[in-house]
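Below, chains carry the letters A, B, ... as their sequence lines are ordered, and counting in each starts from 1.
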Protein chains: 2
Amino acid sequence: MSAKKIKNSKLTIDDIAKLAGVSKATVSYVINDKPGVSQELRCKIKKIIEDCNYVPNSAARGLAGEKTHFIGLVIPDVSDMFYANIIRGVEKTSNKYNYLLNLYTTHGEEEKEQRVIKLINSSMVDGLIIMAYYIKDNFIDFLKNEGIPFVFIDYPTKDEEIYSVVVDNEAGAFEAAEYLISLGHQKIAFLEGHEAAWDSRARFIGFLKALTVNSIEFNPLLVEKGDFTREGGYKATKKLLEKGEEFTAIFASNDQMAIGAVRAIKEKGLKVPDNISIIGFDNIEASSIIDPPLTTVMQPIYEIGKKATEILIRLINEEKIEQKKFMLKTKLIKRNSCKALN
Amino acid sequence: MSAKKIKNSKLTIDDIAKLAGVSKATVSYVINDKPGVSQELRCKIKKIIEDCNYVPNSAARGLAGEKTHFIGLVIPDVSDMFYANIIRGVEKTSNKYNYLLNLYTTHGEEEKEQRVIKLINSSMVDGLIIMAYYIKDNFIDFLKNEGIPFVFIDYPTKDEEIYSVVVDNEAGAFEAAEYLISLGHQKIAFLEGHEAAWDSRARFIGFLKALTVNSIEFNPLLVEKGDFTREGGYKATKKLLEKGEEFTAIFASNDQMAIGAVRAIKEKGLKVPDNISIIGFDNIEASSIIDPPLTTVMQPIYEIGKKATEILIRLINEEKIEQKKFMLKTKLIKRNSCKALN
DNA sequence: CTGAAAGCGCTTACAG
DNA sequence: CTGAAAGCGCTTACAG
């Protein structure tokens, strides 16, 4: 029986119309849940569609101006668990609503816009989810102009017309810093990520706020620049160690840097967390494997993709959504890299 | 809808034809590199296309029977570095040839076929790259029937009509086992992955061959079942340790299990590699982070995606390819989890 | 070498 | 509540 179904895959709307003894317009109304067909007929046609395993041709639907049920996801890369989990969130959610996914990785910035333009021009997607480090204003204008619904992920634009879902990095960092402080740490070093990265800055701000709230004076000498890499964290920590400025804990902008920091500290003959506590950010897989397992801040990555997709699909369905900015909460994961200062 | 039309600033082939003062057929011939247009005219039209930033509508091309320049990738999951790297290989390569990617993750087996059928029926992809644990015969028949080009990844079918690219797991395991043997190990335990997994079995066979070639007797008591998970490796190793059967090295079917094995050995108060050497398979990120860094076998993951895509695009272009089965080589990564026997 | 016309499978006014 | 017809943007015989 299933073999029979499979062979019917090239049916068109005309075939269904003939089988049902109606015009193809009627079938189209049923497919798109539009009014103008009696309940009875509707059921009959639906049954035929089901039995024949008929699936409307997306290309034709796209051409005819109707929805294609494809969502475009624009993302910097895939070979990174962070992005991979976002893709997963988007994929699972779009599937749930019967949408299929078009994937566009941007790698280098340059060609990105062209590729998205191509995508939009191809009439193949009903909407776009966009994640990028930096998005030019005139590109945003282009998107608005096209009238295609889109949602930004993890991109902190002030533009009030734009829908976006971001992680509350500041609150996450605040919570993490407060945890360190609750353990008795006052001299806390901070390892910055990329200078331009807004999330690194948000984390830094959260860190500073926690200091302020707890009346701890901020020591600029305890801040070291990095670049979100393991190597960067290693080098920054070595510098810190050589500087001679005393500190009992390190707040790293991300786990990769925290892992580099652990290595630098071990090389110096010191112990984590006995001599120095370390806290990271991201909760990457490696953070649970290294010795000691890293205390860190988990981002709701899967949920970001899910939320963005839900918003986009509602937008595609022309629902009105009052709220434009969505902020998702992080979660502190306590493991063994932080210790109370006795 | 009408809103869409109003905002429709998109150029069509008619616009280009008007600008060039020719019929749209001529423009189409130029776009598709078909004969029948003078060199001079061809250049002129190409320049206009370039200047206007015109991109043909994929939906219309798909409908009209031409290529859509979309490739469909069917894959079990994305939130796994292995798959993520395959996606990356496919993505980068398809972009290079001006193809765009449609992504379909299968998660549960059940709905997979339906989704791929949907995809094919949508007329949106020129070809398919398929990766799955298990593919039913009648599904393969369906694919053949459709006449759509497709390539299997990492799926060892004997069907001679099917194009596939796989990793030479057996050779990789053979090399790894020989390395252990060259270090003086004779009593080597083997941690199996999923029973049904063909790659686990291929690795086991490679392991056995190395034993045979080196005239080492195989001891069935030194084989323990696992399931490719860290937990499974941990449990299997504990069993092995309790069994009392002597061994100096462990060959784990994958890195996750190897990592579990390391933990079990450490818990027993033994040291890696001083008391027991361990070798893994896959070269996942964690393998370089754990203590000690794991000696393992790296799969050419990115290359798998790349190769499959290259084959598929040649197939789409109706080139004949004599070879149907492609086998990619692994690489032994020597780190610190193996040690020569005194 | 070029253009007019049919057709791909669908949606959507529009008329009945 | 239903059907005939136009049209979406493209490709491809076909005639010139």
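With D:dG7, C:dT2, D:dG3 as the candidates, the nucleotide lying closest to the side chain of B:Leu41 is C:dT2. Comparing C:dG9, C:dT2, D:dC10 by their closest approach to the side chain of A:Ala60 singles out C:dG9. Out of D:dG3, C:dT11, C:dC8, the shortest distance to the side chain of B:Leu63 is found at C:dC8. Closest to the A:Lys34 side chain, of the nucleotides C:dT12, C:dT2, D:dT11, is C:dT12.
At least one side-chain nitrogen or oxygen of A:Tyr54 sits closer than 4.0 Å to the OP1 or OP2 atom of C:dC10. Checking the phosphate oxygens (OP1, OP2) of D:dT11, a side-chain nitrogen or oxygen of B:Asn32 falls inside 4.0 Å. Using a 4.0 Å cut-off, some side-chain N or O of B:Thr26 falls inside it from OP1 or OP2 of C:dG3.
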**OP:** Evaluate side-chain contact (heavy atoms from CB on, under 4.5 Å) for A:Val167 paired with A:Met327, printing each intermediate quantity in order.
**Re:** CA-CA 5 Å; A:Val167 168; A:Met327 219 175 220; over 6 Å; no

Original post:
Checking salt bridge (charged side-chain N to carboxylate O under 4.0 Å, His left out) for the pair A:Lys47/A:Asp51: CA distance, chi angles, key distance, verdict?
Top reply: CA-CA 6 Å; A:Lys47 189 170 176 340; A:Asp51 288 347; 2.8 Å; yes

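Put simply, the side chain of B:Lys24 does not reach to within 4.5 Å of the side chain of B:Thr12, judged on heavy atoms.
Within a 6.0 Å radius of CD in A:Glu319, other residues, nucleotides and ligands contribute more than 12 heavy atoms.
When rounded to the nearest whole Å, the span between NZ of B:Lys24 and P of D:dG9 equals 9 Å.
Nucleic acid contact class of A:Thr12 (heavy atoms, under 4.0 Å, all strands): sugar-phosphate only.
Under the Watson-Crick or G-U wobble criterion, with both distances below 3.5 Å, D:dC14 is paired with C:dG3.
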